[in-house]
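All residue numbers in this chain count up from 1 along the given sequence.
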Amino acid sequence: MSLGQDTLNHDSFNTVHWLPWQEDSFKKAQAEDMPVLLSIHAVWCYWCHVMDDTTYQDSGIIEFINSNFIPIRVDNDHQPDINARYNSGGWPSTVFLTPHGGSIAGVTYLPSDQLLPMLAEVQQAYNDQKSEIYDHCNNQIRERQNEVAKVEATSDLTPDLVDRIARRVAGTYDPTFGGFGDNPKFPSAPILRFLCHLFRTTGEPFYSLMLEKTLDNMISHGIMDAFGSGFFRYTAGRDWTHAQHEKMLEDNIGLVQVYTEAYNLLGKESYKNTATATLDYIVEVLFDAEAVGLRGSQGAHSDYFDLPSDIRESQIPPPPDPFCYSHLGASGASILMETGWKLGRPDAIETGIKILTNLDKMALAGNLRHAYDKNGPLISSSDNLLADWSSLMNALIDSAIYNPSDKIAIIRAISIADHIIETFFDNNKGAFYDTVRKSDAIGFLRVREKPLPENITASKGLLKLYNTIGDVKYLDIARRTLSAFIDTNSNYGEHAATYGLCIDILINKSIDITVEGHPEDLNTQELLRSIDQLPEANINLKLILTAQGDTSQAHVCVGNVCIPPISTPADIKSAVETAINESSAASTDPFRTVLDDFAGL
């Protein structure tokens, strides 16, 4: 177990005496009848560092906080369940709580001349209006419980819902510079992946136009590191300029997948080169070989990234986040294995397998904490989160596909799926809670919430599991879960795009394609590229690893109809069309076989 590298300091008289989020800290606040100052920070957050280096170094601030508040520090990346409930609009979040965890007020960054009067105001209000404050906080708890109760399985999912989400995405598109929204401009990998799916399944040129303008401008303007590799978190300019110089693992793993799919769809070599360079960044910079995981970020608006390339080469780059994260590591493992096959990168596949093996080892030992390092799981980080378990389930299913020699991955995925359903699923109303029930939960953590992003990850895994083993219970639970967000998905920004993609997969029959080949074989890569171009929404891929140099081939099945093996990538589409037609015909004529029409293929 790792104790972590916290910024908490209890001994020095010239620092804020930060305490961790734990029961003892709140008992101290209750015993001393003091309000709590909660600071939520992140290693990649520039203004968090500024506030630490200025506001929290002010002697007047330090003295007032230590004398009148119980200061508690939370790392956003280590305890996302706390951040999700108390974030006050960005990072850093500066939140004032009752000794029982109720929220009195919250702001983001404040310089010392603004924080000091606010501290005094909150402290006086707590002393003078304690009863009213507690009534207000109790109402907040009830409101949160009422909001969770509204998340309930409803009507059937339909293609019209996918179309509505697609139109909503199109309405946010920036036709001048690409991307979505005005400024700041984020890369929005979930939206871009949804556009890849929409263009593939509909053939509408408008989707390819949105994709190309966005992806091209992201390469040529400031959000991509022109002298190194990887993408920055966002740009202040609508035209992709004035980048915020920190790089997030979540963005970069998403963009590797997007640029790989876009290359397979649109054929631009610049997209393949970008995917490869970003993959290199993840493997070479963010992969921690000692911890066997992926670091969460690098930099915090670091000046290093402003340097010309010749000067940068002689400077030390900002270090990555010292910690790895279970949910991102599992997601990264999936994408490393997938893109390793599609880009001919066995090293990426091997790295993904190592990360997944380590995560599953921790899960089997009962130590799946949200954060970990080379010393093991970080005991101060959150545990038993839906995000971690559902990401691990997805990665194990993907391992069964992209690491064909892993014969137990699907067994482990089934075990974890059943654990997730038993532990997190609301059998009465549908959808998954984000945390387990804990009798000692503090404040808003007493309310188990049902956020869309985690529910998407769980549903996506259950759909893949259903496609793989055919157990309809997983399909039914995925359907109940996704249907609970029909009316509220628009509240979740870019995550609604992934929601639309999942629905389109769920409502369409799967096309089963098995590819025999080797990741370094060019024809295998071309077969996979042809599969990425198919207009069918639900492709269920299986891989069989062959010796390098053996002939690669694909097998297409729809229902009980299977097409003879295909070695030519250009024949994939017509083979799928034939299988679909024959499957439809077989449902009305049981004596008809695929060989009746296959001669013309």
Would you call the rings of Tyr325 and His327 parallel, tilted or perpendicular if under 30° counts as parallel and over 60° as perpendicular?
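If you compare the ring of Tyr325 with that of His327, the planes turn out perpendicular.
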
Once the angle between the rings of Tyr46 and His301 is folded into 0 to 90°, is it parallel (under 30°), tilted (30 to 60°) or perpendicular (over 60°)?
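The arrangement is perpendicular - the two ring planes meet at more than 60°.
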
Verdict with supporting geometry, Ile72 and Leu37, side-chain contact (heavy atoms from CB on, under 4.5 Å)
CA-CA 6 Å; Ile72 292 178; Leu37 169 64; over 6 Å; no

Would you say the side-chain atoms of Arg369 and Ser381 include a donor-acceptor pair closer than 3.5 Å?
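No, because no side-chain N or O of Arg369 sits under 3.5 Å from a partner of the opposite role on Ser381.
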
So do Ser88 and Thr94 actually touch side chain to side chain, heavy atoms under 4.5 Å?
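No - every pair of side-chain heavy atoms lies 4.5 Å or more apart.
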
What's the verdict on ring-ring contact (aromatic ring centres under 6.0 Å, His included) for Tyr86 and Phe444, showing C-alpha distance, side-chain angles and the deciding distance?
CA-CA 8 Å; Tyr86 287 100; Phe444 292 162; 4.9 Å; yes

Please identify each residue that fulfils ring pair (Phe, Tyr, Trp, His ring centres under 6.0 Å) with [X], with sequence neighbours left out.
{"X": "Phe64", "result": "none"}
{"X": "Phe177", "result": "none"}
{"X": "Tyr281", "result": "none"}
{"X": "His495", "result": "none"}

Salt bridge (Lys or Arg N to Asp or Glu O under 4.0 Å) contacts touching residues 284-295 (sequence neighbours left out)
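Residue pairs with at least one partner in residues 284-295: Asp288-Arg295.
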
Listing request: all salt bridge (Lys or Arg N to Asp or Glu O under 4.0 Å) pairs with a residue in residues 75-96, at least two apart in sequence or in separate chains.
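Those involving residues 75-96 are Arg85-Asp434.
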
Aromatic contact between Tyr109 and Trp91, with the criterion being ring centroids under 6.0 Å apart: yes or no?
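Distance test on ring centres: not under 6.0 Å, no.
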
Is the Trp240-Phe186 ring centre distance short of 6.0 angstrom?
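Here the rings of Phe186 and Trp240 have centres that are no less than 6.0 Å from each other.
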
Mind checking what makes salt bridge (charged side-chain N to carboxylate O under 4.0 Å, His left out) contact with [X], not counting sequence neighbours?
{"X": "Glu212", "value": "Lys268"}
{"X": "Asp347", "value": "Arg345"}
{"X": "Glu526", "value": "Arg529"}
{"X": "Asp174", "value": "Lys185, Arg238"}

Applying ring-ring contact (aromatic ring centres under 6.0 Å, His included) as the test, list every pair that has at least one member in residues 248-278; sequence neighbours left out.
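The answer is Phe231-Tyr259, Tyr259-Tyr271.
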
Working for side-chain contact (heavy atoms from CB on, under 4.5 Å), residues Met218 and Leu192
CA-CA 12 Å; Met218 284 173 60; Leu192 293 171; 4.1 Å; yes

Using the ring of Phe305 (Phe, Tyr or Trp, six-membered ring only), decide whether Arg312 places NZ or CZ under 6.0 Å from its centre and within 45 degrees of its axis.
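No, Arg312 does not lie over the aromatic ring of Phe305.
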
By disulfide bond (SG atoms under 2.5 Å apart) - contacts of Cys45 (at least two apart)
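Here the qualifying residues are Cys48.
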
If you measure from the Lys or Arg side-chain nitrogens to the Asp or Glu carboxylate oxygens, is any gap between Lys464 and Asp398 under 4.0 Å?
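Result for this pair is yes, salt bridge flagged.
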
Between atom OG1 of Thr235 and atom CD1 of Ile223, what is the distance when rounded to the nearest 0.5 Å?
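One gets 5.0 Å once the value is rounded to the nearest 0.5 Å.
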
